[in-house]
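Below is one structure, written out as structure tokens, with a few remarks after it.
As the structure lists them, so they are numbered: ligands from 1, and atoms in each ligand from 1.
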Amino acid sequence: MEVNVVTKRRINKTFLLFLFLNFLVLFVLWGIYLCFAQIDLKGDRNITLNYKEKYKEKGYNASRFGKSINNEVKVKGKVNSDKLGTYEVVYEVPGLFGKKVVRTIEVVDNEKPNIIIDATKKIYLCPGSKYVKEEVQVRDNYDGDISKKLVIESDDKKVTYSVKDSSGNKTKVVRDIVYEDKTSPVISLNGDRFNYVFLNEGYNDSGAVANDNCEGDISNKIVVSNKVNINSVGSYEVIYTVSDSSGNTASISRTVRVSERNKAGTVYLTFDDGPQWGTTDKILDILKEEGVEATFFVTNKGPDELIKRMYDEGHTVALHTASHNYATVYASVDSYFNDLNSVKARVKRITGYDATIIRFPGGSSNTISRNYSVGIMSTLTKEVVNRGYKYYDWNISSGDAAGGPAPTPTQIKNNVVNALRKDRINMVLMHDIKTYTRDALRDIIRFGKDNGYTFEKITMDTTMVKQRVNN
Ligand SMILES: [Zn+2]
């Protein structure tokens with residue numbers, strides 16, 4: 001029994017020693033462990049960033065023996081979210097009991113490419129035709145223009161557009177095909193938009209042409225409504241209408257004005273560049289006293305009052321451009337019409353009427369416009385008529401605008417009366433801003449009356465007097 005007891009005690013002692021040593025080892029290991037620095041990252045260890053998405057450093061907590069040692073941590077590594085790839089940020093406490101922790105950041109492109117097409121719009125094809133591949137643009141946030149990667153597939157019913165960017169993001173657009181012509185034909189006039197013809201003389205309509213997207217030339221399908229009565233003075237519309245097989249229609253019209261032929265021997269007194277106090281008002285007085293109507297091509301200068309008077313006293317208020325500045329007026333077609341519209345608006349404001357009779361500064365034959373725009377007079381002379389205006393040059397110049405020494409009223413009178421002819425209409429160029437013209441006017445009128453001429457103002461029924469276009 002004794003022996004057994006002793007043995008038991010020895011075993012117990014050995015076991016306790018064993019336990020003690022184990023605890024000692026663990027204790028020492030724990031102590032060593034505590035000597036190492038600890039780094040806890042804030043936020044995730046593995047982060048996925050979208051292309052161009054800014055990387056935000058969330059930080060860390062570093063400690064040893066429970067005390068913060070954040071100031072000992074060295075952080076290395078940069079994330080460039082403008083470039084796809086995997087980046088590392090390393091947090092390290094250096095030294096024997098240091099520590100190193102790595103955070104991984106992956107920059108990825110997960111945005112789909114953009115096929116620039118309206119997917120909601122159906123594709124309308126001409127009945128019986130086949131789909132022809134279009135040019136379609138594709139833009140990707142990362143790859144840029146990847147239009148060339150677009151795959152277009154079609155069958156009878158639909159077109160499928162698909163594309164994949166370099167990161168494998170896919171876009172697919174499907175558009176349905178409808179066999180239906182939804183586009184109207186295009187109809188256009190042969191000849192001028194406005195035609196001016198004489199009473200009881202012939203009128204030949206020059207017709208129109210029509211083209212359809214599906215059927216081509218369908219001019220033979222044009223229906224013309226022509227109510228021109230050559231035997232009656234007035235304005236008439238000729239209307240051309242066309243329909244394609246799918247019922248899309250288009251129409252266009254032409255205005256034909258029938259007027260009496262201007263009588264040979266008629267004198268049209270025309271005054272440019274006004275109005276102006278001291279001359280225009282006196283000229284209006286003389287015209288009133290002599291019972292003669294004339295035409296004034298006005299600008300934006302001078303008093304409104306005189307334009308009002310011209311209108312009220314039965315003269316034709318016509319347009320000469322607002323600025324009369326060649327550099328502005330003849331800079332371009334748009335510039336011309338802007339300037340013309342300005343004076344047109346002025347006349348409308350003062351008189352309430354839409355002036356459509358015009359004279360080009362320098363006349364249609366001027367060459368000065370070439371300094372500002374080559375060929376502009378060729379364009380303008382057609383375009384003004386196209387827009388419903390009539391323009392008037394002259395066949396008699398009073399000589400009141402020439403350079404050099406000022407002419408006398410007698411010279412002005414002689415220039416005019418010596419050029420008057422009975423076998424044509426006489427379109428006389430004068431300027432109501434000149435005193436010698438003002439002072440010659442009564443004698444010119446008296447001469448005309450005494451010699452069997454009649455005086456008229458220009459109207460839309462007056463035949464255009466055109467000079468040769470030189471630019
Ligand atoms: Zn002028």
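Restricting His320 to its N, O or S atoms, the one at the least distance from the Zn ion (ligand 1) is NE2.
Checking Asp273 against the Zn ion (ligand 1), an N/O/S atom falls under the 2.8 Å cut-off. Among the backbone and side-chain atoms of His324, an N, O or S atom lies under 2.8 Å from the Zn ion (ligand 1).
Proximity of a side-chain donor or acceptor of Arg193 to a complementary backbone N or O of Gly388 within less than 3.5 Å is not detected. Between the side chain of Asn341 and the backbone N or O of Phe337, at least one donor-acceptor pair lies under 3.5 Å.
Using cut-offs of 30° and 60° for the angle between ring planes, the Tyr196 and Phe194 rings count as parallel.
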Report the C-alpha separation of Tyr336 and Phe360 in whole Å, then their side-chain angles, then the decisive distance to 0.1 Å, and conclude whether the ring pair (Phe, Tyr, Trp, His ring centres under 6.0 Å) test is met. CA-CA 10 Å; Tyr336 171 80; Phe360 293 107; 5.5 Å; yes
